[in-house]
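The analysis underlying the following values was restricted to heavy atoms, covering all of them including side chains, and did not include hydrogens, waters or symmetry mates.
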Amino acid sequence: LSLPRVTGVQTCALPIYSGKAEFWTNVYFQELHFEVIAWATQKLKEFDNVIGIGLINEAEWAAGEHGMYEWYAGVQERMTSIDATQFMVISDAWNLTKAADWAMSRNQAPTSDETLPLPSSPVVIDHHNYYTFAPEYYNKKPQEIMKIASKALSYLHGKEMVGGGR
């Protein structure tokens, strides 16, 4: 389930919305969306064909420096308390390396050993690379674009993003 039209992030004409991307500076918008995610997590528990909730689509570039990861941590805690099997799909705010490091630090393998931490809702990164809008890509063959994309994702090569075989 994707929740791309977050109040305060995307363009929208709601009366409470200023028309600016201000989600990360507006606690009201953060709390409102937090509650929407909690509600969706609860409602989706009974469906085995929903594997994740997309929290935010294409967060602004500097969101990681404006409390995004702290907000994600709170969402993960709340989602885990409702349904620890539901994947949490996050925006990388255009910084895949930082998002990958954060996701790996938050993903815990499920365990039956009571001395280890309980599993938490797994984190998945929604990362976008665009190879169609800039002139330098117009005449490239698909194989060339695939090499460019592979290089852009090279930081992830060999990394286990979600532990425990999830």
Side-chain angles (χ1 to χ4, degrees), residues 1-110 117-133 149 152-153 155-156 159-166:
L1 173 67
S2 180
L3 302 172
R5 293 288 176 205
V6 178
T7 302
V9 176
Q10 304 287 354
T11 305
C12 112
L14 295 174
I16 62 167
Y17 185 61
S18 69
K20 298 175 187 170
E22 56 186 11
F23 182 81
W24 302 113
T25 59
N26 188 311
V27 174
Y28 173 75
F29 289 156
Q30 292 176 24
E31 290 175 357
L32 180 65
H33 195 54
F34 187 84
E35 292 305 318
V36 168
I37 293 164
W39 176 85
T41 304
Q42 181 64 44
K43 293 295 183 186
L44 295 171
K45 277 176 73 168
E46 63 188 78
F47 298 98
D48 60 3
N49 61 340
V50 177
I51 60 167
I53 298 176
L55 308 184
I56 291 180
N57 183 47
E58 296 183 344
E60 61 185 292
W61 289 87
E65 283 71 51
H66 296 288
M68 179 178 74
Y69 291 106
E70 292 80 3
W71 185 80
Y72 283 163
V75 171
Q76 186 183 33
E77 185 178 313
R78 181 77 177 270
M79 284 180 70
T80 297
S81 73
I82 298 167
D83 181 2
T85 66
Q86 191 66 262
F87 283 67
M88 162 177 145
V89 183
I90 66 167
S91 169
D92 63 0
W94 308 98
N95 186 339
L96 180 59
T97 301
K98 186 169 183 173
D101 288 343
W102 187 85
M104 287 185 291
S105 77
R106 302 295 296 192
N107 286 336
Q108 299 174 21
L118 293 173
S120 58
S121 293
V123 178
V124 175
I125 302 165
D126 180 18
H127 174 73
H128 300 183
N129 280 339
Y130 293 102
Y131 301 108
T132 56
F133 304 119
L153 298 173
Y155 181 74
L156 301 178
K159 296 196 181 327
E160 184 175 342
M161 295 301 296
V162 179
R166 289 201 237 185

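Residues Glu65 and Lys98 meet the side-chain proximity criterion, which asks for heavy atoms closer than 4.5 Å. Side-chain contact between Gln86 and Val50 is present, with at least one heavy-atom pair separated by less than 4.5 Å. Counting heavy atoms from C-beta outward, His127 and Leu156 have side chains that stay 4.5 Å or more apart. Residues Asn57 and His128 are in side-chain contact: their nearest non-hydrogen atoms beyond the backbone lie under 4.5 Å apart. Between Trp102 and Ile125, the closest side-chain pair of non-hydrogen atoms is not below 4.5 Å.
Of all non-hydrogen atoms in Ala103 and Val123, the two that sit nearest each other are CB-CG1, 3.7 Å. Nearest heavy-atom pair, Asp83 versus Ser121, reported as atom, atom and distance to 0.1 Å: O-OG, 3.3 Å. Shortest non-hydrogen contact noted between Ser120 and Gln76 is OG-NE2, 3.4 Å. Minimum interatomic distance between Ala100 and Tyr155 (heavy atoms only, all atoms of both residues): CB-CE2, 4.0 Å. Here the closest non-hydrogen pair linking Thr25 and Gln30 is N-NE2, 4.1 Å. Closest approach of Phe23 and Ile56 over heavy atoms only: CE2-CD1, 3.6 Å.
When atom types are taken as modelled, the side chain of Trp94 and the backbone of Ala59 share a donor-acceptor pair closer than 3.5 angstrom. Checked by atom type and distance alone, the side chain of Asn107 never pairs as donor or acceptor with a backbone atom of Pro122 at under 3.5 Å.
Ionic pairing of Arg78 and Glu35 is present here: one or more N-O contacts between side-chain nitrogen and carboxylate oxygen are shorter than 4.0 angstrom.
The distance from the CD1 atom of Ile90 to the CG atom of Asp126 is 9.0 Å, given to the nearest 0.5 Å. To the nearest 0.5 Å, the span separating CE on Met88 from OH on Tyr72 amounts to 7.0 Å. Separation of atoms CZ (Phe34) and CE (Met79) is listed at 10.5 Å; rounding is to 0.5 Å. A distance of 10.5 Å separates CE in Met68 from CG in Leu55, rounded to the nearest 0.5 Å. Note that CD1 of Ile82 is 11.5 Å distant from NZ of Lys43, once rounded to the nearest 0.5 Å.
Within a 6.0 Å sphere centred on CD1 of Ile51, other residues, nucleotides and ligands contribute 12 heavy atoms or fewer.
Ring pair Trp71/Trp24 is perpendicular by interplanar angle, where above 60° counts as perpendicular and below 30° as parallel.
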